[in-house]
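The sequence lines fix the lettering, A, B, ..., with proteins before strands; numbering per chain opens at 1.
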Number of protein chains: 2
Amino acid sequence: MANAGEFPIENRPPAAIAHEAAAIARPKVAVDTVLFAVGGRGLEYYLLQLAGGPNAGKWAFAGGLVRVGETLDGAARRALRDASALTNAYLEQLFSFGDPSRDPTSHVVSVAYMALIDNPKRIGAASSKYSGGRWFAAGELPELAYDHSLMAEYALARLRAKLEYTNIACALLPPSFTFAELEEVYAAVLERPLDRRNFRRRIMAMDLLRRTPEQRRGAHRPAALYAFKHRSVRAIQML
Amino acid sequence: MANAGEFPIENRPPAAIAHEAAAIARPKVAVDTVLFAVGGRGLEYYLLQLAGGPNAGKWAFAGGLVRVGETLDGAARRALRDASALTNAYLEQLFSFGDPSRDPTSHVVSVAYMALIDNPKRIGAASSKYSGGRWFAAGELPELAYDHSLMAEYALARLRAKLEYTNIACALLPPSFTFAELEEVYAAVLERPLDRRNFRRRIMAMDLLRRTPEQRRGAHRPAALYAFKHRSVRAIQML
DNA sequence: CCAAAAGTGTTGAGTATACACCCATGA
DNA sequence: TCATGGGTGTATACTCAACACTTTTGG
């Protein structure tokens with residue numbers, strides 16, 4: 001666990017307190033969430049411009065300090081809500097960054113998260129700690145505050161990997177969707193074109209989808225609508 | 001980054017300080033390291049018995065609180081050294097556990113690590129915060145302190161997964177080894193027998209090993225010794 | 001010469017890839 | 001009727017799994 005084998009400070013003999021109190025860091029603990037959606041320009045990241053602090057004006061992912069009584073997931077969810085008014089994104093912890101000099105103003109350990117939503121337009125207003133927010137295409141990220149570029153890389157790698165062996169794509173799609181839309185999500189995340197027939201066969205073999213009775217009607221031939229059998233993200237059975 | 005967009009507390013107007021100061025948690029930050037080696041009974045975990053604190057007598061992984069100026073990796077390395085006198089294990093961050101009630105005495109966020117060594121006998125003496133340490137076979141873990149059972153599961157899952165697509169096995173083997181020893185490591189971690197011929201072909205196809213001129217001589221036919229081309233852990237090229 | 005571990009190929013099944021044409025609809 | 005995106009099958013290359021005997025050494 002946490003302080004495996006540590007005495008709580010209050011239970012230590014006075015000498016131990018003096019010795020340990022000097023050494024033990026009390027970093028702040030933060031969370032930062034890399035938010036993805038697939039939009040018109042492929043895979044996009046949502047960034048916020050910092051209104052104040054040492055990095056005022058720079059772009060960063062939605063983040064904030066963990067509050068009393070809060071879990072890490074809870075803090076990530078709240079920070080995301082404050083930054084984008086989203087309340088039901090898929091959320092997954094990625095990695096913790098703890099270099100004591102990563103934030104020049106103080107020792108801050110940050111737990112990075114990845115969040116996924118089905119539509120970039122679902123974003124709402126940000127709290128006053130940001131001066132604004134917008135989506136950036138994967139290849140066009142601006143310079144980021146702190147070590148957020150590392151987080152961006154890490155998040156993309158995780159998302160790509162999980163696309164191959166989980167049903168995580170369901171978090172990037174609305175409840176029902178056409179096969180073309182599903183393929184577009186895969187192609188956007190993997191950044192390569194897919195063969196339509198092989199893709200359909202592969203997905204069907206995974207037995208993830210059910211066909212809904214509805215159709216999407218547009219300017220041309222209607223497309224069948226599909227939904228994921230399970231909306232919770234899980235590893236795919238590979239026998 | 002960390003406190004993306006947060007004002008450092010000392011720069012805020014007094015009202016903000018009062019408001020935020022009540023809300024922001026100052027958890028302790030700990031690291032805990034799940035140490036693995038392959039021994040006579042297959043894959044084994046190294047556990048330490050806690051000498052004091054609320055969980056005195058229970059078994060736990062090597063852990064400790066992060067100190068002033070320390071990175072997370074540095075803290076994990078130090079905690080491992082204090083618990084086992086190891087200085088050069090392979091170390092990899094796994095996941096952070098931050099439920100405020102995971103440690104009943106205070107809010108402690110713990111960053112879990114996995115460590116690998118090539119030989120369980122390399123373990124040295126533990127610091128006085130532990131009353132002892134020993135190896136446990138994978139199927140025979142005792143009840144663990146805090147949420148360390150979760151960490152154990154998480155670590156095993158990570159190790160198994162990485163065995164398939166990285167050269168991480170090199171961290172569980174000495175600099176040179178026979179093919180039988182390499183196969184034993186794979187079989188121990190995956191907990192299933194492997195076909196010798198198929199295994200050899202698969203590993204050779206990955207182009208990870210070089211054959212050394214030496215041989216291991218024993219009671220029977222001598223075995224060729226191999227070494228990993230690269231001792232740093234990296235993903236395998238799958239074209 | 002015997003016991004024990006090291007070393008080595010082939011076959012068959014299943015999986016993944018490449019590839020092009022017809023269909024249904026709205027305009 | 002035409003333009004547009006939706007939907008479908010096959011042939012081939014490759015990968016993975018199953019399987020058993022010979023070799024080399026020490027005792």
Side-chain angles (χ1 to χ4, degrees), chain A residues 38-40 42 160-161 163-166 169 173-174 176-228 235-239, chain B residues 38 40 42 160-161 163-166 169 173-174 176-227 235-239:
Chain A
V38 175
R160 279 205 183 131
L163 208 58
E164 311 271 14
Y165 69 94
T166 71
L173 286 160
S176 72
F177 48 86
T178 67
F179 239 98
E181 288 162 349
L182 178 62
E183 188 183 328
E184 192 197 337
V185 164
Y186 273 78
V189 174
L190 301 176
E191 284 188 298
R192 61 182 158 91
L194 300 169
D195 179 88
R196 206 193 319 166
R197 284 165 293 185
N198 293 337
F199 177 74
R200 183 182 283 253
R201 183 172 31 243
R202 244 181 62 210
I203 297 291
M204 284 312 198
M206 291 174 180
D207 193 36
L208 296 178
L209 304 185
R210 69 189 157 75
R211 185 165 175 161
T212 70
E214 289 89 43
Q215 292 190 319
R216 167 82 38 89
R217 308 188 73 83
H220 303 292
R221 174 173 175 175
L225 286 177
Y226 292 84
F228 279 91
I236 290 163
Q237 308 294 12
M238 312 264 192
L239 183 102
Chain B
V38 175
R160 278 203 184 136
L163 209 58
E164 312 270 13
Y165 69 93
T166 72
L173 284 161
S176 72
F177 48 86
T178 66
F179 238 99
E181 289 162 349
L182 178 62
E183 187 182 329
E184 192 198 338
V185 164
Y186 272 79
V189 174
L190 300 175
E191 285 187 298
R192 60 184 157 88
L194 300 170
D195 178 86
R196 205 191 320 164
R197 286 165 291 186
N198 292 337
F199 178 74
R200 182 181 284 252
R201 185 174 28 245
R202 244 180 61 210
I203 297 290
M204 284 312 197
M206 291 175 180
D207 193 35
L208 295 179
L209 304 185
R210 69 189 157 76
R211 186 165 174 162
T212 71
E214 288 88 46
Q215 292 191 322
R216 166 82 36 91
R217 307 189 75 81
H220 302 294
R221 176 173 175 174
L225 286 177
Y226 292 83
I236 290 163
Q237 308 293 13
M238 312 264 192
L239 182 100

Problem - Side-chain N or O of A/Arg217 closer than 4.0 Å to phosphate OP1/OP2 of C/dG26 - result: yes
Completion exercise
Comparing B/Arg201 with A/Arg201, nearest DNA chain D nucleotide closer to 5' gives the residue A/Arg201
Fill in the blank from the handout: Heavy-atom closest pair (A/Ala224 atom, A/Arg211 atom, distance to 0.1 Å) is CB-NH2, 3.3 Å
Practice task
Measure the distance from CZ on B/Arg197 to P on D/dC19 and round it to the nearest whole Å.
Solution key: 10 Å
Problem - Salt-bridge present (A/Arg160, A/Glu191; N to O < 4.0 Å) - result: yes
Practice task
Take atom CZ of B/Arg196 and atom P of D/dC19, then tell me their distance rounded to the nearest Å.
Solution key: 15 Å
Exercise for the section: Report the distance from atom CG of A/Leu225 to atom C1' of D/dG6, rounded to the nearest whole Å. Expected result: 12 Å
Exercise for the section: Find the distance A/Leu194:CG to C/dA18:P and express it as a whole number of Å. Expected result: 11 Å
Exercise for the section: Could you tell me whether A/Ala205 contacts a base, only the sugar-phosphate backbone, or nothing, with contacts defined as non-hydrogen atoms closer than 4.0 Å? Expected result: nothing
Practice task
Would you please indicate if the ring centroids of B/Phe177 and B/Tyr226 are separated by under 6.0 Å?
Solution key: no
Fill in the blank from the handout: When A/Ala223 and A/Asn198 are each assigned the nearest nucleotide of DNA chain D, the 5'-most assignment goes to A/Ala223
Exercise for the section: Assign each of A/Gly218 and A/Asp195 to its nearest nucleotide of DNA chain C by heavy atoms, then name whichever residue's nucleotide is nearer the 5' end. Expected result: A/Asp195
Practice task
Please figure out whether B/Phe179 or A/Arg202 has its closest DNA chain C nucleotide nearer the 5' end.
Solution key: B/Phe179
Problem - Carboxylate-amine/guanidinium proximity below 4.0 Å for A/Arg200 and A/Glu183 - result: no
Exercise for the section: Take the protein atom CG of A/Leu182 and the nucleotide atom C1' of D/dG6, then report the distance between them rounded to whole Å. Expected result: 15 Å
Practice task
With the side chain of A/Arg200 defined as its heavy atoms from C-beta on, choose the nearest nucleotide among D/dG7, D/dC19, C/dG7.
Solution key: D/dG7
Problem - Rounded distance in Å - CZ (B/Phe199) to C1' (D/dC16) - result: 15 Å
Fill in the blank from the handout: Separation of D/dG7 atom P from A/His220 atom NE2, nearest Å, is 14 Å
Handout entry: Separation of atom CE in B/Met204 from atom P in D/dC16, rounded to whole Å
Key = 17 Å
Practice task
State the CD1-OH distance between A/Ile203 and A/Tyr186, to the nearest 0.5 angstrom.
Solution key: 4.0 Å
Problem - Nearest to side-chain heavy atoms of B/Arg221, which nucleotide of C/dA5, C/dT25, C/dG9 - result: C/dA5
